[in-house]
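Scroll down for the structure; my scribbles are underneath it.
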Amino acid sequence: MLTKRIIPCFDVDNGRVVKGVSFVELRDAGDPVELAKLYDAEGADELVFLDITASSDNRATVYDMVSATADQVFIPFTVGGGIRTTVDMKTMLELGADKVSINTAAVNNPDLVNEGAYRFGSQCIVVAIDAKGVGEGWEVYTHGGRTPTGIDAIAWAREVVERGAGELLVTSMDTDGHQSGYDIPMLRAMSEAVNVPVIASGGAGGPDHMAEALTEGKADAVLAASIFHFGTYSIREVKESLSEQGIAMRPVAARD
Amino acid sequence: MAANPFLVVVDYDAGNLRSVERALAHVGVDATITADWADVARADGVILPGVGAASDTMAKLGERDLTEPLREYVASGRPFLGVCMGLQALLDHSDEGGGQECLGLLPGNVRHFGFDHLKVPHMGWNQVTWLREHRITSGIESGSYFYFVHSFYPDPADPDLALGETTYGLTFPSVLAHENMVATQFHPEKSGEAGLAIYANFAEWVREAA
């Protein structure tokens, strides 16, 4: 049976892992490659790195990180942040990333989704959607959640999938950083609107929130950062809890 | 038995070339990435990786004059491993992109999942059940999880070609094996320890056969 995926996310600034609480306060939680190896051993199904390095002069730090991760970690990983062209995509994929994630660049230039899917295959094009509740629906935000676009998030999800996105990484700006649960109605609406996997992001406080996102929210995978980085829950604990709740999980290998 | 066999990963611009090379390096094998048919001809072991579309794969193998050398290599009886598209390319025909003739090294077709009730591609970790014993799966438990990303699945003419099977909407053969050919629909290079064990077993086989 196809399992639901548990995906730790690393926000990386100049080669170090940080995590914003509602995208404002940043705290340092370690070396990305070491963390990646640890989470692989702990049973992570996949990893996501979001490069938030402000200066494009420092791209070398993320290149080194991607290459070092690919040398040492043998599960799929996605890199996002600062990817604006198919050349950027090619660079990341050649360095060893399995997928690239685009967000603001897709809104600014939706053809980038088509071009990326055509050149590298839909399976490696993830579109990240940051959205905030407005009225009955949700609005897409860009630039790390700072800029409202006026675009309806569900319509946008449908559009990018039509253009070739192979997966959606959906973050609720309302719940992100609060550890009080994912935005279930938005996830459900998103997952029902498209026929590609949806990764739930923003608001994980524990396994019960993840269970809710994977069942009621109909997500295919859940992403979390702080609860893993600060040791609130290990991936093993999360997987054991979700398995007990009847959700298909890849079991974590026994410790030697 | 050779200590340093000549293990070739066929380069036809497939996206997972380097990942395959890295997984082999991790299990202590130096592989040569090459598009040179002469390397394929003299190899002790060949891996055909692959991500992407059947038509691109066949076109690129053709452009690089690799189609016949691959057929000759397989006919020689030396160990061969296909991965993902490298499995699908072995069959007679793929339904992908309106239909594509493939290498025809194994009888059968490649079909689209075409589900309404399940997401396509089949993406993520799924179980593989071994249907018989084979050295490539030695030491790996039946029911282990591997990482899949694909929208098409193999449908061999002879069910006995299946070495392992997986269920996603339907049950399909996720590992094929026939004589010196083995091929996986999943990506061993992205399947953690179980996947690395596949490469280690293949490397051992190549070493012994060389």
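What's counted below: heavy atoms across the whole structure, side chains too, no hydrogens, waters or symmetry copies. Naming: A, B, ... by sequence-line order, numbering from 1 per chain.
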Choice from [options] maximising heavy atom contacts with chain A below 4.5 Å:
options                             : result
B/Ala53, B/Ala25, B/Pro121, B/Ala23 : B/Ala23
B/Tyr168, B/Phe148, B/Tyr145        : B/Tyr145
B/Met123, B/Gln127, B/Glu21         : B/Met123

Counting only heavy atoms not in [X], do more than 12 fall under 6.0 Å of its [atom1]?
X        : atom1 : value
A/Tyr118 : OH    : no
B/Asp30  : CG    : no
B/Lys60  : NZ    : yes

May I ask you to decide whether [X] forms a salt bridge with [Y], counting only side-chain N to carboxylate O separations under 4.0 Å?
X        : Y        : result
A/Arg163 : A/Asp111 : yes
A/Arg188 : A/Glu216 : no
A/Arg119 : A/Glu115 : no
B/Arg135 : B/Glu208 : yes

Query raised in the report: Between the side chains of A/Ser67 and B/Arg18, is a donor N or O closer than 3.5 angstrom to an acceptor N or O?
Result: no

Query raised in the report: Roughly how far, to the nearest 0.5 Å, is the CG atom of B/Asp44 from the CH2 atom of B/Trp205?
Result: 13.0 Å

Picking from [options], which has the most non-hydrogen pairs under 4.5 angstrom with chain B?
options                            : value
A/Met1, A/Gln72, A/Glu94, A/Gln123 : A/Met1
A/Pro76, A/Gly121, A/Ala41         : A/Pro76
A/Thr3, A/Asp40, A/Leu2            : A/Leu2

Query raised in the report: Non-hydrogen atoms of chain B under 4.5 Å away: do they reach the side chain of A/Lys90, the backbone, both or neither?
Result: neither

**Report entry** Contact class of B/His150 relative to chain A, heavy atoms under 4.5 angstrom
**Finding:** neither

Query - Within residues 191-202 of chain B, residues adjacent to chain A where the heavy-atom gap is under 4.5 Å - result: B/Ser191, B/Gly192, B/Leu196

Report summary line: Test side-chain hydrogen bond (donor to acceptor under 3.5 Å, both in side chains), reference A/Asp45, set A/Lys239, A/Arg5, A/Lys4, output is A/Lys239

